Engineer: 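One structure is given below, represented as structure tokens, and several questions about it will come after.
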Amino acid sequence: MATLEALLHDRLAPAFEAVAGARVDPSLRRSQHADFQADAALALAKRLGRPPREIAADVLGSARLDGLVATAEVSGPGFINLTLADDALGPLLGAMSRDERLGVPRVEAPETVLVDYSAPNVAKEMHVGHLRSTVIGDAAVRVLDWLGHRVLRANHLGDWGTPFGMLIEHLADEGESGAAGELSLGDLNAFYQAARAKFDTDETFRERSRSRVVALQSGDPGTRHMWRLLVDESERHFLVLYDLLGVRLTDGDFRGESFYNDMLAPVVAELDRLGLLRVSEGAQVVYPAGFTGRGGEPLPLIVRKSDGGFGYPATDLAAIRFRTAELGATRLLYVVGLPQSQHFAMVFEVAREAGWLTPPARAEHVGFGSILGPDGKLFRSRAGDTVKLGALLDEAIARAAALIAEKSPDLDPETSAAVARDVGIGALKYADLSNDRTRDYVFDWDRMISFEGDTGPYLQYARARILSIFRRGGVTPPHDLAAIPVTAPPERALAIELLGFTGVVAEVGESLEFHRLAGYLFRLATVFTAFYERCPVLRAEGSVRESRLALCDLTARVLGRGLTLLGIGTPDRM
RNA sequence: GCGCUCGUAGCUCAGCGGAUAGAGCAGCUGCCUUCUAAGCAGUUGGUCGCAGGUUCGAAUCCUGCCGAGCGCGCCA
């Protein structure tokens, strides 16, 4: 379904072209002074050597606006203010209401998009540092999937490397059954720390750990078996959290670093064959174009360390080659913290130079900022250590439960618990996704779960209220109206906001700036509650009641769809 | 030293070259015999870090400075 901007564009573009003698973007946007405004006349003034107001007037003189625009006038220095015709809104809303997809078309050219996100480390519990990647990546998966792309989820587990020598050796010391018991209790951190402590203090243990790494890499069956046990226990722990978080990651999405082991040597060999490989201080490196170090000298990407081991750049390169060549992905998304932006820029550049990332295939670092505590420093527990993700989610749910018990004591225990989960987790996710992804944000329990203002619960509540109207009235809102007539100002404002959904979703599918979708939903909820205050629904009669019911229904569906795209639960009552 | 990001209301944040810079929270005034007050209406509050520049027009683009954070070869 065409957006209002697109419809206006189609009417104004020919007029601008006629006046300017060339194609001109009318430069449409929402306006405080009217429904929309077109700003292009101002930019044309210099080129045409005419006053902008005069250009704007000429454009309006030749534009065919009938049936869409009620009033159009030149304003200020040369803006064109446009007010939509009520008659034009009704049929558009009707079409949106009849469409299961709410007017959002599937993309014309679906791509295979791979989303690399979450990526916790085996033998370590997930912590607050994994929250953003998991939540943002999940939103990306949901939006792109709904837009019609083929989406591949990739959970790039940290399941390999030198630490595993020490972990496996510790497992061997503890005895498999004993350690398995410890691990299944979910105390991965204690296991890791015990191994770490021995590694730091015990020279012979350190030596055994090193040879254990060699055994692991050479495929020693006993060692591999213990490694597998660690991975399995860790994956079990991750899946519990993913389920609690309500993200779509499954056990089928785990594809850790170890998966690429056999591809590392060929990748380096290929770089060598292509003439990209150099040797520096015993390490095998590539110097991607455009990167310089401290003294202006070329900056190397170390693909093979001087001791013969492969670094993570080699794994990342192997993954790119695999994802484009074997999986056929054309859009690779890396939902990883912003501090790694230079690393990814270099890896992507090398991949391009090696021919593993050629158009239309491309990679994007979907970077994000850090979560900060109230003191403006990295978010940590009061004791100063990292906050476990499990504890964080539990607290979110507990805080929500306390408030629900207070505000809605009538809910039965089961519903109450389910709502607490949706609200607590939703609040947490909304706080994250409503902020510009690329910036740090301050984590504040009281703000996100106070349930006032721009929060997840406010949006959930707005939707629940609408469903409550239907329940109260014992009505099923109409889904088949040819048009949903709007006349009252709150109805019009709501209508225009509703019709903006298509554009926002399409834009977010490209930019992956989820705070724009969050902001849209908040505006929609705000406009709706204004409508709700001023326009009685059940007490209205005849066609007015019908159209208001339809507006309520559309709003509930858009809020529901929008929240779902963000991965936020949609309780029907609160 | 080099590079990246960021300085917007008391606090937390929007604002992707356009009109008097917006929102939430906090503060102040009102509104629950009427569809959920987790709400609504109104109101107070800003030299957009500073200085130049580009432009008809700059919070937005460029340069410099000040301040904060992060990253800069064999950890991932």
Side-chain angles (χ1 to χ4, degrees), chain A residues 27 29 31-33 37 39-40 42-43 45-46 51-52 75-79 81 119 121 156 158 160-163 257 280-285 291-296 299-307 309-313 315-316 337-343 345 367 369-370 372 374 376-378 403-404 406-408 423 431 434-436 438-442 444 446-455 457-458 460-462 464-473 507 511 513 515-516 518-519 522-523 525-526 529-530 532-540 548 552 573-574:
Chain A
S27 185
R29 57 190 184 91
S31 175
Q32 306 171 32
H33 307 276
Q37 67 184 57
D39 301 340
L42 290 152
K46 190 162 195 185
S75 171
F79 300 105
N81 287 348
N121 292 313
H156 198 73
W160 204 251
T162 48
E257 294 168 343
S280 169
E281 298 173 32
Q284 292 174 297
V285 308
F291 293 88
T292 51
R294 296 169 198 260
L299 199 59
L301 187 72
I302 297 175
V303 292
R304 188 158 200 177
K305 299 182 283 188
S306 54
D307 67 1
F310 297 97
Y312 54 95
T315 309
D316 285 336
L338 235 23
Q340 295 197 52
S341 56
Q342 190 182 41
H343 164 70
S370 305
L372 309 178
K377 310 233 177 211
L378 281 183
L403 270 153
I404 287 161
E406 175 193 326
K407 305 242 182 200
S408 306
V423 169
S434 61
N435 278 290
D436 182 337
T438 63
R439 310 223 325 180
D440 296 348
Y441 76 90
V442 176
D444 184 337
D446 292 330
R447 200 162 54 241
M448 78 174 78
I449 307 205
S450 74
F451 302 173
E452 282 167 13
D454 190 5
T455 64
Y458 171 84
Q460 293 170 320
Y461 180 69
R465 269 173 133 183
I466 297 172
L467 300 190
S468 169
I469 294 174
F470 302 148
R471 277 195 301 269
R472 176 63 65 99
E507 195 276 328
S511 70
E513 292 171 343
H515 73 290
R516 296 188 185 279
F522 179 66
R523 273 196 310 282
T526 302
T529 48
Y532 177 88
E533 295 284 331
R534 294 184 189 74
C535 300
V537 179
L538 295 175
R539 280 176 283 120
R548 285 183 181 171
C552 286
R573 58 181 79 215
M574 294 175 65

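Bear in mind the structure is a predicted one, so any value in this text is a computation, not a measurement. Residue numbering restarts at 1 for every chain, and letters A, B, ... go by the order of the sequence lines.
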Engineer: Give one of base, sugar-phosphate or nothing for A:His515, where a contact means two heavy atoms less than 4.0 Å apart.
Structural biologist: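 Sugar-phosphate only.
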Engineer: How many angstroms lie between OG in A:Ser27 and CG in A:Leu42, if you round to the nearest 0.5 Å?
Structural biologist: 9.0 Å
Engineer: Suppose you measure atom C1' in B:A26 against the same atom in B:U33; what distance do you get, rounded to whole Å?
Structural biologist: 33 Å
Engineer: Name the residue closer to the 5' end of RNA chain B, choosing between A:Arg29 and A:Gln340 according to the nucleotide with the nearest heavy atom.
Structural biologist: A:Arg29
Engineer: Expressed as a whole number of Å, how far does the C1' atom of B:G27 sit from that of B:C56?
Structural biologist: 41 Å
Engineer: Does B:G7 have OP1 or OP2 sitting under 4.0 Å from an N or O in the side chain of A:Arg439?
Structural biologist: yes
Engineer: Taking atom P in both B:C4 and B:C62, compute the distance separating them and give it to the nearest angstrom.
Structural biologist: 11 Å
Engineer: Which part of the nucleic acid does A:Asn81 contact within heavy-atom distance under 4.0 Å: base, sugar-phosphate only, or nothing?
Structural biologist: base
Engineer: How far does the C1' atom of B:U20 sit from the matching atom of B:G39, given to the nearest Å?
Structural biologist: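 Pairwise C1' distance, B:U20 against B:G39, rounds to 30 Å.
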Engineer: Does atom CZ of A:Arg471 have more than 12 heavy-atom neighbours from other groups under 6.0 Å away?
Structural biologist: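 Buried by this count: over 12 neighbours within 6.0 Å.
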Engineer: Atom CG in A:Leu301, atom CZ in A:Phe291: separation rounded to 0.5 Å?
Structural biologist: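 One gets 9.0 Å once the value is rounded to the nearest 0.5 Å.
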Engineer: Has the side chain of A:Thr455 got a donor or acceptor that lies under 3.5 Å from a partner of the other kind on the base of B:A38?
Structural biologist: no
Engineer: Between B:A58 and B:U63, how far apart are the two C1' atoms, rounded to whole Å?
Structural biologist: 15 Å
Engineer: Between A:Ser511 and A:Glu513 (side chain of the first, backbone of the second, donor and acceptor by atom type, cut-off under 3.5 Å), is there such a pair?
Structural biologist: yes
Engineer: Within the structure shown, what part of the strands sits under 4.0 Å from A:Ala43 by heavy-atom distance: base, sugar-phosphate, or nothing?
Structural biologist: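 Contact class for A:Ala43: base.
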Engineer: So that I can compare with my own list, what are the stems of RNA chain B, taken as at least three consecutive Watson-Crick or G-U pairs with distances under 3.5 Å?
Structural biologist: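 Only these stems qualify: B:1-7 with B:66-72, B:10-13 with B:22-25, B:27-31 with B:39-43, B:49-53 with B:61-65.
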Engineer: Under 3.5 Å, is there a donor-acceptor pair between the side chain of A:Thr455 and the main chain of A:Tyr458?
Structural biologist: yes
Engineer: Distance check, C1' atoms only: B:U8 and B:U54, in whole angstrom units.
Structural biologist: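 Looking at atom C1' only, B:U8 and B:U54 are 23 Å apart.
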Engineer: Across the strands shown, which category fits A:Ala45 at heavy-atom distances under 4.0 angstrom: base, sugar-phosphate, nothing?
Structural biologist: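 No contact at all - A:Ala45 keeps every heavy atom at 4.0 Å or more from the nucleic acid.
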Engineer: Would you classify A:Gln460 as touching base, sugar-phosphate or nothing, given that sugar-phosphate means primed atoms plus P, OP1 and OP2, and contacts are heavy atoms under 4.0 Å?
Structural biologist: nothing
Engineer: What does A:Phe291 touch in the nucleic acid at a heavy-atom separation under 4.0 angstrom: a base, only the sugar-phosphate, or nothing?
Structural biologist: nothing
Engineer: Within the pair A:Arg516 and B:G15, is there a side-chain N or O less than 4.0 Å away from OP1 or OP2?
Structural biologist: yes
Engineer: Please give the distance between the P atoms of B:C48 and B:G22 as a whole number of Å.
Structural biologist: 14 Å
Engineer: Quick one: the side chain of A:Asp446 and the base of B:A26, do they pair up donor-acceptor inside 3.5 Å?
Structural biologist: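 For A:Asp446, whose side chain was compared with the base of B:A26, there is no donor-acceptor pair (under 3.5 Å).
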Engineer: With ring centroids as reference points, do A:Tyr312 and A:His343 lie under 6.0 angstrom apart?
Structural biologist: yes
Engineer: Where does B:C11 fall, syn or anti, if syn means a chi angle no more than 90° from 0?
Structural biologist: anti
Engineer: For the base of B:A19, is there a side-chain donor-acceptor partner from A:Gln37 under 3.5 Å away?
Structural biologist: yes
Engineer: By centroid distance (under 5.5 Å) and plane angle (under 30°), are A:Tyr532 and B:G39 in a stacked arrangement?
Structural biologist: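 A:Tyr532 ring does not meet the centre or angle cut-off for B:G39; no stack.
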Engineer: What nucleic acid atoms does A:Thr529 come within less than 4.0 Å of, heavy atoms only: base, sugar-phosphate, or nothing?
Structural biologist: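 Sugar-phosphate: the residue A:Thr529, judged by heavy atoms under 4.0 Å, touches backbone atoms but no base.
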Engineer: Can you tell me if A:Arg29 uses its side chain to pair, donor with acceptor, with the backbone of A:Gln37 under 3.5 Å?
Structural biologist: no
Engineer: Heavy atoms under 4.0 Å, any strand shown: does A:Phe79 hit a base, just sugar-phosphate, or nothing?
Structural biologist: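 A:Phe79: base contact, heavy atoms under 4.0 Å.
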Engineer: Return the minimal non-hydrogen interatomic distance between A:Asp307 and A:Gly309, and the atom names on each side.
Structural biologist: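 Heavy atoms of A:Asp307 and A:Gly309 come nearest at OD1-N, 2.8 Å.
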Engineer: Find which nucleotide of RNA chain B each of A:Asp436 and A:Pro77 is nearest to by heavy atoms, and output the residue with the more 5' nucleotide.
Structural biologist: A:Asp436
